Amino acid sequence: MKKHRAFLKFPFLLLLLCLLKFSKADSDGEASAMLSLKKSLNPPSSFGWSDPDPCKWTHVVCTGTKRVTRIQIGHSGLQGTLSPDIRSLTELERLELQWNNISGPIPTLSGLSSLQVLMLSNNHFDSIPSDIFQGLTSLQSVDVDNNPFASWEIPESLRNASALQNFSANSANVSGTLPGFLGPDEFPGLSILHLAFNNLEGELPLGLSGSQIQSLWLNGQKLTGSIDVLRNMTGLREVWLHSNAFSGPLPDFSGLQELESLSLRDNSFTGPVPASLMSLDSLRAVNLTNNHLQGPVPEFKASVSVDLEKDTNGFCLPAPGECDPRVKSLLSIASSVEYPLRLAESWIGNDPCTNWIGITCSNGNVTVINLEKMGLTGTISPEFGSIKSLQRIILGINNLTGTIPHELTTLPNLKTLDVSSNHLFGKVPAFKSNVVVNTNGNPDIGKDKSSLSPPGSSSPSGGGSGSGLSDGRVKTSSGVEYLHGLAHQSFIHRDLKPSNILLGDDMRAKVADFGLVRLAPEGKGSIETRIAGTFGYLAPEYAVTGRVTTKVDVYSFGVILMELITGRKSLDESQPEESIHLVSWFKRMFINKESSFKKAIDPTIDLDEETLASVHTVAELAGHCCAREPYQRPDMGHAVNILSSLVELWKPADQNPEDIYGIDLDMSLPQALKKWQAYEGRSDLESSTSSLLPSLGNTQMSIPSRPYGFAESFTSVDGR
Ligand SMILES: *[C@@H]1O[C@H](CO)[C@@H](O)[C@H](O)[C@H]1NC(C)=O
Ligand SMILES: *[C@@H]1O[C@H](CO)[C@@H](O)[C@H](O)[C@H]1NC(C)=O
Ligand SMILES: *[C@@H]1O[C@H](CO)[C@@H](O)[C@H](O)[C@H]1NC(C)=O
Ligand SMILES: *[C@@H]1O[C@H](CO)[C@@H](O)[C@H](O)[C@H]1NC(C)=O
Ligand SMILES: *[C@@H]1O[C@H](CO)[C@@H](O)[C@H](O)[C@H]1NC(C)=O
Ligand SMILES: *[C@@H]1O[C@H](CO)[C@@H](O)[C@H](O)[C@H]1NC(C)=O
Ligand SMILES: *[C@@H]1O[C@H](CO)[C@@H](O)[C@H](O)[C@H]1NC(C)=O
Ligand SMILES: *[C@@H]1O[C@H](CO)[C@@H](O)[C@H](O)[C@H]1NC(C)=O
C-alpha cells in the first residue's frame with residue numbers, strides 16, 4: 001500500500017464538513033434502532049420509554065449530537081428479546097442488561113467499535129453468535145455468566161478485543177479448549193478470566209505463560225494435564241481450578257508473590273506440596289482436599305486457612321513430620337519421572353512394603369523395584385543408589401531419557417538392571433561382573449548425545465509461545481488514543497503534525513513516524529527528554545522544559561484541528577507578526593465575538609447553520625486541547641469521543657502486511673517497539689540516555705488512527 005503525505009488542503013476539510021452533515025441522519029437511524037429495541041424488550045409503561053426522542057428515556061445516555069452511548073437497564077425484570085438493530089448504535093459504549101429474563105439469541109454486536117462494557121449475565125439468552133466480538137476493538141469487560149446458551153466455544157473474533165480486561169462466562173455452556181491466544185501477547189491487559197462451570201476440556205495452554213491475569217476461575221469441568229504454566233503467571237491472586245481432572249505435581253510457586261487464594265481440591269495432583277507454596281507470605285486460603293498428593297503433610301503459616309481433609313491424599317503420615325527414609329528415596333525416584341498418577345494412587349502412607357505397586361520387600365527391606373511398562377517419562381534417579389537392599393531394578397519398556405546414573409554401580413546386592421526399550425544414551429557405567437545389565441532397545445546407548453530433542457521441548461497443546469518476542473500476530477488497535485491510554489505501557493508520540501498523518505490510497509489516515517515515540521512514565525508523571533518535534537506543534541511546557549507527558553500530543557492534535565478549521569498552517573510567515581503563530585491567533589479570534597470567529601474559518605467552507613455548529617464544537621475542542629497548562633487539556637480519549645460523535649463509524653483500514661525490520665502492521669505498538677529494540681540491540685528504552693528510538697524516517701510504519709476517524713471515514717462518504 002502506497003501512502004501519500006497529506007498536507008492540509010481544502011478538499012480535505014470539505015470532506016470533513018460533508019461528513020458532519022451526515023450526523024443528523026445517523027441520529028435518526030439511532031432513534032429507529034432504539035424503537036426496535038423497545039419493541040423487542042417490551043418494557044412496562046412505568047419504565048418511562050415513551051418520549052419520541054430516546055435520548056430522553058430513563059437509563060439511556062446520549063452524546064450532544066443524540067448518539068446513544070449507554071443503555072443501563074440491568075435488574076429491571078425485562079422479559080423480551082434483544083433486537084438485532086442494536087448493531088446500529090455505533091457510538092454505544094455500555095450495554096447493561098444483566099439480571100433480567102431476556103430470552104432468544106444474543107444478536108451479533110459485530111462492529112460496535114466503541115463498546116467498552118457488555119453485561120448480559122443472568123438472563124435467558126439461548127445462543128451467542130461466533131462473530132459477536134468482531135471489530136469490538138474498545139471492549140474492556142464482558143460478562144455473560146448464567147445463561148442457558150447452546151454449547152459455544154470462545155470465538156476467534158474475541159482476538160479483536162485486545163484491550164480486554166475482564167472476561168466472565170461462568171455457567172455459560174462453553175465447550176472446546178481454552179484458547180492460547182488469551183496470553184499476554186494478544187491480551188496484555190487481561191486481568192480477570194472467569195470460565196467456571198462449563199464444559200472446557202484439554203490442557204492449560206502454554207500461551208498463558210507470562211500473562212498478568214490476576215483472577216483465574218476454571219473450576220468445575222473436564223480440564224486435564226499439568227498446571228506447570230502457572231509458574232510463569234506471576235500476577236495471579238486468585239486461582240480456582242478445583243473439580244477438574246488436572247494431574248502431575250504442583251509447580252514452583254516462588255514467582256507468585258501476590259497469590260492469595262489457591263483452590264486445587266478434587267483433582268488428581270501428585271507429588272509433595274512444594275515448600276515454595278508454604279512459604280508464600282501473600283497466601284490466605286488453600287484447598288488441597290481429594291488429590292493424590294504425597295510426602296509430608298504440608299504446614300502452612302497460621303494466617304492461611306487450609307482445606308485439607310484427612311486421608312483424601314497420599315501423605316506419608318497423618319500429621320506434619322518427616323517420612324520414612326525408604327519413602328523419601330522412593331519419592332525422589334518418582335520425582336524424576338514426574339510423579340505418575342499410577343504410582344501416586346498406590347504409593348500412600350509411610351511403609352513401602354505394604355503392597356505398593358512395583359515394590360517387593362524382604363524383612364521390611366525393598367529388594368525389587370519393577371516399573372516395567374508404566375508409561376514413564378523422565379530420567380532414572382541417582383537416588384536408586386541409596387536403597388542398598390535393592391537386588392533387581394526393572395524399568396524396561398518406558399520412555400525414559402538421559403543416562404544410567406553411576407550411583408547404581410554402588411548397590412552391593414544388585415543382580416539385575418533392566419532398562420531395555422527406552423531412549424537412554426551415554427556410556428553404560430561399569431557394574432560388577434555378576435550384575436546382568438539389559439540395555440537393548442535404546443538406540444542411542446553408548447553415544448554422547450540423544451538423537452531426541454531434549455525433554456520438555458514438546459508442547460502438549462497449541463497456543464502461542466512463552467513471554468518475550470514471539471511470532472504471535474496481534475491485531476492492531478483502538479492510533480493516538482491507543483498510544484496513551486489503552487496500551488499497557490503508555491507512549492508519547494511527540495511529533496504529531498499533519499505530515500505525520502499518512503493517507504493510504506483508501507484515504508484512511510494513519511499516524512506515522514514513530515521515530516520520537518517514547519515510553520510514557522507510569523501514572524501521571526512526566527519525563528525529561530531532549531527536545532524533539534516540530535515548531536508550531538510543540539506544547540509550551542515541552543519547548544520550555546523538555547519534559548513530556550501524554551498531553552504534549554494532545555496539544556499538537558489541537559493545533560491540527562485549528563489548521564483544519566482555519567485552513568492556515570501552524571506557523572504562517574506570510575501573516576502579520578501577531579498572527580504568525582496559529583494557536584495564539586486562533587484563541588484570540590475564538591474568544592472574541594461570533595463575527596470574528598466566522599472570519600477565522602476557512603473561507604472555502606460553505607457555512608450553513610448546522611455546519612457552523614459542528615465547527616464550533618471542533619473549535620472548542622481545539623482550544624481545550626491547546627490549553628496553556630497540560631492539566632487543563634483533555635485526554636485524547638475525550639477528544640476522540642467528541643469528534644466521533646460528529647462523524648461516521650470508524651472502520652479499521654485493511655491491514656496489508658508490510659515488513660519493516662520484521663514489523664508488520666498487524667502488530668500491536670508494544671510489540672512493534674519490542675521488535676525495534678531487538679533490531680537495534682537495545683533492551684532498555686527507559687535507560688538509554690538519548691532516549692530516542694531510531695527514527696524510521698520515511699519508512700511506512702503506520703497504524704490505523706482512531707483520533708483521525710473523521711479523515712478515515714472519508715471512504716464511506718466517497719462510497720455514497
Ligand atoms: C424467564 O423466561 C423463561 C423463558 O422465557 C420462562 O420459562 C421463565 O419462567 C421466566 N422466569 C421468570 C422468573 O420470569
Ligand atoms: C473488571 O472487573 C473488576 C472487578 O470486578 C472491576 O473493578 C472493573 O471495573 C472491571 N473493568 C471494567 C472495564 O469494567
Ligand atoms: C449445552 O449445550 C448443549 C448443546 O447445545 C445442550 O444440549 C445442553 O442442554 C446445554 N447445557 C446447558 C446446561 O444449558
Ligand atoms: C478481527 O478479527 C478478524 C478475524 O477474526 C480479522 O480478520 C480482523 O482483521 C480483525 N480486526 C481487527 C480490527 O483486529
Ligand atoms: C516459563 O518461562 C520460562 C522463561 O520465559 C520458559 O523458559 C518456560 O518454558 C516457561 N514455562 C512454562 C511452563 O510456561
Ligand atoms: C477453600 O478453602 C477455603 C478455606 O478453608 C474455604 O473457605 C472455601 O470454601 C474452600 N473452597 C472450596 C471450593 O471448597
Ligand atoms: C512413549 O511416548 C509416546 C509419545 O507420548 C507414546 O506414544 C508411547 O506409547 C510411549 N511409549 C511407552 C513405552 O510408554
Ligand atoms: C534390612 O532390614 C533389617 C531389619 O529390618 C535391617 O537391620 C537391615 O539393615 C536392612 N538391610 C538393608 C540392606 O537395608
Side-chain angles (χ1 to χ4, degrees), residues 70 72 74 93-96 98 103 105 114-121 123-128 130 136 138-153 161-176 180 183-185 187 189-194 196-201 203-217 220-222 225-238 246 248-256 338 453-470 478 485-486 637:
R70 294 179 176 210
Q72 296 171 292
E93 292 169 7
R94 298 185 77 99
L95 180 59
E96 302 179 13
Q98 73 280 11
S103 53
S114 302
L115 193 66
Q116 294 170 8
V117 174
L118 179 63
M119 296 166 78
L120 302 178
S121 68
N123 277 290
H124 255 84
F125 287 114
D126 60 22
S127 67
I128 188 162
S130 64
L136 268 58
S138 302
L139 200 59
Q140 295 173 12
S141 187
V142 174
D143 185 356
V144 297
D145 290 2
N146 297 320
N147 275 290
F149 295 127
S151 175
W152 61 294
E153 298 194 12
S162 66
L164 202 64
Q165 296 168 14
N166 299 341
F167 187 84
S168 188
N170 298 305
S171 303
N173 212 0
V174 189
S175 57
D185 290 345
F187 291 90
L190 190 62
S191 151
I192 290 181
L193 182 60
H194 288 179
F197 303 114
N198 285 300
N199 294 314
L200 289 170
E201 55 194 9
E203 306 196 356
L204 290 187
L206 292 183
L208 289 178
S209 179
S211 166
Q212 288 303 306
I213 291 174
Q214 296 185 5
S215 179
L216 180 67
W217 295 1
Q221 46 214 317
K222 301 178 282 195
S226 135
I227 60 165
D228 215 29
V229 69
L230 293 190
R231 184 156 65 103
N232 286 348
M233 297 173 69
T234 54
L236 285 171
R237 291 167 182 273
E238 185 173 58
F246 287 115
L250 305 189
D252 176 2
F253 286 93
S254 52
L256 278 67
E338 291 156 43
S453 49
S457 66
S458 66
S459 56
S461 68
S465 53
S467 54
L469 291 171
S470 75
S478 324
L486 299 181

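Just follow the structure's listing: the first ligand is 1, and inside any ligand the first atom is 1. These numbers were taken from a predicted model, which means no experiment stands behind them. No hydrogens, no waters, no symmetry mates; every other heavy atom, side chains included, goes into these values.
Taking a cut-off of under 4.0 Å to the non-hydrogen atoms of Ala150, the atoms of ligand 3 that pass are 2 (O), 5 (O). The ligand atoms of ligand 2 that sit less than 4.0 angstrom from a heavy atom of Gln140 are 13 (C). Below 4.0 Å from some heavy atom of Arg231 lie the following atoms of ligand 5, by number and element: 11 (N), 13 (C). Listed by number with element, the atoms of ligand 2 under 4.0 Å from a non-hydrogen atom of Ser141 are 12 (C), 13 (C), 14 (O).
Atom 4 (C) of ligand 2 has Ile192 CD1, 3.6 Å as its closest protein atom, hydrogens excluded (heavy atom only). Asn173 ND2, 3.7 Å is the protein heavy atom nearest to atom 8 (C) of ligand 3. What sits closest to atom 5 (O) of ligand 3 on the protein, heavy atoms only, is Ser151 N, 3.1 Å.
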Worked check of side chain to side chain contact (heavy atoms under 4.5 Å, CB included) between Ile227 and Leu204: CA-CA 7 Å; Ile227 60 165; Leu204 290 187; 4.1 Å; yes

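Contact annotation: the side chain of Val144 approaches that of Phe149 to within less than 4.5 Å [non-hydrogen atoms, C-beta and beyond].
A donor-acceptor pair shorter than 3.5 Å can be found between the side chains of Gln212 and Thr234. For the 3.5 Å distance criterion, the side chains of Asn199 and Asn173 qualify, holding a donor opposite an acceptor. A donor-acceptor pair shorter than 3.5 Å can be found between the side chains of Ser175 and Ser151. Ser226 and Asp228 share no donor-acceptor pair across their side chains, judged by distance under 3.5 Å alone. Using modelled atom types and a 3.5 Å distance limit, the side chains of Ser121 and Asn146 yield no donor-acceptor pair.
Relative to atom 13 (C) of ligand 5, the option among Thr234, Leu208, Val229 with the closest non-hydrogen atom is Val229.
Of the N or O atoms in Asn166, one or more lie within a sub-3.5 Å distance of an N or O in ligand 2.
The presence of a protein heavy atom under 4.0 Å from atom 11 (N) of ligand 2 is confirmed.
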